[in-house]
Amino acid sequence: MEKILALKNLKKHYPILGGVLRREIGAVKALDGIDLDIYRGECLGVVGDSGCGKTTAGKAIIRLFKPTDGHVYYYGKGAESKASADLAREKKSRIKRLGLRGRLQMVFQDPTTSLDPRMLIKHIVAEPIKTLKRMSGRDLEERVLELLNRVGLTRDHLLRYPHEFSGGQRQRIAVARSIATDPEFIVLDEPTSALDVSVQSQILNLLKSLQKTLQLTYMFITHHLLVVKYISDRVAVMYLGKIVELAHTRVIFSKPAHPYTHALMSAIPIPDVTHQQQRIVLSGDVPSPADPPPGCRFHTRCPFAVDRCFEQEPLLETIETGHLVACHRKNETQKLVSEKFGQPRSDY
């Protein structure tokens with residue numbers, strides 16, 4: 001498969017300042033060294049606890065802020081063998097000069113706060129086009145109307161303000177704005193979490209349709225595992241700034257190999273009274289990203305931790321083609337879960 005992005009040891013640490021002179025006394029390790037390849041045309045789902053680094057990873061990729069360390073290699077169209085830029089290291093002026101701002105876009109979680117309440121919809125959608133595409137006049141008006149039609153809105157919506165729309169319509173406007181510059185890659189940061197269930201399905205179907213029509217690549221960040229199953233081709237599971245498991249969606253749901261992934265799966269409601277698997281309830285709280293535990297970061301909550309887990313950090317290693325896991329006991333997790341909690345369900 002053709003890569004569109006390659007993340008190498010990507011980190012984002014936020015300094016903790018203290019003392020009279022406000023010197024750096026520590027750091028919140030929101031993202032602490034991830035390696036990930038994203039392939040053209042796929043939808044990569046990213047799941048995990050709040051604060052695990054999902055959104056930080058998305059914002060670092062599209063360079064909403066500069067990463068602390070690492071690389072984000074971008075392979076533009078026609079650049080299959082060589083990266084056209086390292087987004088983590090390039091200066092902002094060069095990123096703009098190369099036209100990369102328009103190639104990488106983002107849809108934010110809350111459409112209410114991501115749209116300027118003082119701007120008409122036509123100006124909200126037109127703003128990135130005027131800035132990055134240098135389009136104006138009648139061509140700009142036609143382009144804005146075309147974008148609104150693509151997301152299910154009409155000319156009647158052009159002269160309204162964001163507060164005059166429902167949550168689902170506001171998210172459609174945010175999607176229209178994200179595709180305005182003909183991007184190749186879009187970060188979708190929980191785009192359905194603020195919407196009603198019935199509206200969620202409409203937005204998901206819209207995103208799938210746009211992906212196919214416009215040949216887009218998605219990074220879909222969410223807490224909702226069944227949404228991930230519906231829209232994603234592969235799934236990356238994150239915990240405390242690290243990727244702990246990465247595999248095809250079918251594999252993640254049928255035979256997860258990391259204890260944390262098993263715990264996430266067991267939390268999915270099953271409308272079947274005959275299903276007897278015990279819920280895997282993790283003890284304690286997620287450790288602070290400012291002071292992560294030594295060894296495996298999940299060992300403080302893992303029901304299967306052994307001495308090695310307390311001392312040595314596991315590497316993200318391949319257990320079968322396309323399935324990577326960071327766990328010292330990855331080859332026996334299925335057996336351990338079955339013995340302690342019952343046979344995991346695989347037909348979600």
Side-chain angles (χ1 to χ4, degrees), residues 43 45-46 50 54-55 58-59 62 64 101-133 135-136 138-232:
C43 177
V46 182
S50 294
K54 305 185 301 296
T55 299
K59 290 181 177 180
I62 65 172
L64 282 184
R101 283 295 183 199
R103 310 308 294 167
L104 305 144
Q105 290 291 315
M106 187 167 187
V107 175
F108 296 92
Q109 178 176 354
D110 186 359
T112 303
T113 56
S114 65
L115 302 177
D116 191 329
R118 298 168 296 179
M119 293 179 68
L120 293 171
I121 298 308
K122 71 172 185 177
H123 295 146
I124 290 175
V125 178
E127 188 173 31
I129 307 174
K130 290 192 294 185
T131 304
L132 300 174
K133 291 290 186 178
M135 189 183 295
S136 60
R138 187 167 184 81
D139 290 340
L140 177 61
E141 293 180 5
E142 291 178 354
R143 176 61 174 160
V144 170
L145 183 57
E146 176 195 349
L147 291 166
L148 290 182
N149 289 337
R150 276 190 180 275
V151 299
L153 300 176
T154 66
R155 184 183 295 273
D156 296 336
H157 298 113
L158 286 171
L159 300 179
R160 298 185 189 179
Y161 290 93
H163 73 269
E164 299 180 76
F165 294 89
S166 66
Q169 289 176 317
R170 282 194 288 265
Q171 198 61 288
R172 289 175 185 271
I173 295 165
V175 171
R177 181 178 60 182
S178 72
I179 64 173
T181 57
D182 298 318
E184 291 184 284
F185 176 77
I186 301 179
V187 176
L188 302 166
D189 185 14
E190 302 192 47
T192 60
S193 63
L195 308 177
D196 294 336
V197 175
S198 59
V199 180
Q200 287 184 22
S201 63
Q202 296 173 17
I203 298 299
L204 290 174
N205 289 332
L206 171 64
L207 291 171
K208 291 190 73 171
S209 174
L210 290 174
Q211 182 183 20
K212 183 177 180 180
T213 304
L214 303 178
Q215 298 180 330
L216 298 171
T217 304
Y218 290 153
M219 180 177 181
F220 194 98
I221 299 167
T222 185
H223 291 93
H224 201 312
L225 288 170
L226 293 184
V227 168
V228 164
K229 183 180 180 183
Y230 178 71
I231 197 171
S232 300

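- Residue pairs meeting the ring-ring contact (aromatic ring centres under 6.0 Å, His included) criterion with at least one member in residues 109-131: none, sequence neighbours excluded.
- For T113, the side-chain contact (heavy atoms from CB on, under 4.5 Å) test picks out D110, with sequence neighbours left out.
- Contact between V144 and A126 at its shortest, heavy atoms only, is CG2-CB, 3.7 Å.
- For R101 (side chain) and I62 (main-chain N/O), a donor-acceptor pair under 3.5 Å exists by modelled atom type.
- Here F165 pairs with H157 under the ring pair (Phe, Tyr, Trp, His ring centres under 6.0 Å) rule; sequence neighbours left out.
- Contacts classified as ring-ring contact (aromatic ring centres under 6.0 Å, His included) and involving residues 203-230 (residues at least two apart or in different chains) are not found.
- Scanning both residues, R170 and H163, for their nearest heavy atoms gives NH1-CA, 4.1 Å.
- Taking every heavy atom of both residues into account, Y161 and P117 meet most closely at CD2-O, 3.5 Å.
- When atom types are taken as modelled, the side chain of R155 and the backbone of L145 share no donor-acceptor pair closer than 3.5 angstrom.
- Residues that satisfy the side chain to side chain donor-acceptor pair (under 3.5 Å) test with E142, not counting sequence neighbours, are R138.
- Counting all heavy atoms, side chain and backbone alike, L207 lies closest to P191 at CD1-CG, 4.3 Å.
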Take Q105 and I179 through the test side-chain contact (heavy atoms from CB on, under 4.5 Å) and record every step on the way to the result.
CA-CA 8 Å; Q105 290 291 315; I179 64 173; over 6 Å; no

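- In terms of the side-chain contact (heavy atoms from CB on, under 4.5 Å) criterion, residue partners of R143 (sequence neighbours excluded) are, by chain and number, I129, M135, E146, L147, D182.
- The side-chain heavy atoms of I221 and Q109, taken from C-beta on, include no pair separated by under 4.5 Å.
- The side-chain contact (heavy atoms from CB on, under 4.5 Å) test applied to T213 returns R150, S209, not counting sequence neighbours.
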Worked verdict on V151 versus L206 for side-chain contact (heavy atoms from CB on, under 4.5 Å)
CA-CA 7 Å; V151 299; L206 171 64; 4.0 Å; yes

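- With sequence neighbours excluded, no residue forms a side chain to side chain donor-acceptor pair (under 3.5 Å) with Q200.
- Contact annotation: the side chain of I186 never approaches that of L210 to less than 4.5 Å [non-hydrogen atoms, C-beta and beyond].
- To the nearest 0.5 Å, the span separating CD1 on I121 from CZ on R177 amounts to 9.5 Å.
- When the side-chain contact (heavy atoms from CB on, under 4.5 Å) test is applied to E127, the partners found at least two apart in sequence or on another chain are M119, T131.
- Using a 4.5 Å heavy-atom threshold, the side chains of T217 and E184 count as separate.
- Under the side chain to side chain donor-acceptor pair (under 3.5 Å) criterion, Q211 pairs with no residue, sequence neighbours left out.
- Between P162 and D116 the shortest heavy-atom distance is CG-O, 3.4 Å.
- Q202 contributes atom CD, which lies 10.0 Å from atom CG of D196 (distance to the nearest 0.5 angstrom).
- Closest heavy-atom contact between A180 and V125: CB-O, 4.0 Å.
- Applying the side chain to side chain donor-acceptor pair (under 3.5 Å) rule to T222 yields no partners; only residues at least two apart in sequence or on another chain are considered.
- For residues 166-217, no pair satisfies ring-ring contact (aromatic ring centres under 6.0 Å, His included), with sequence neighbours left out.
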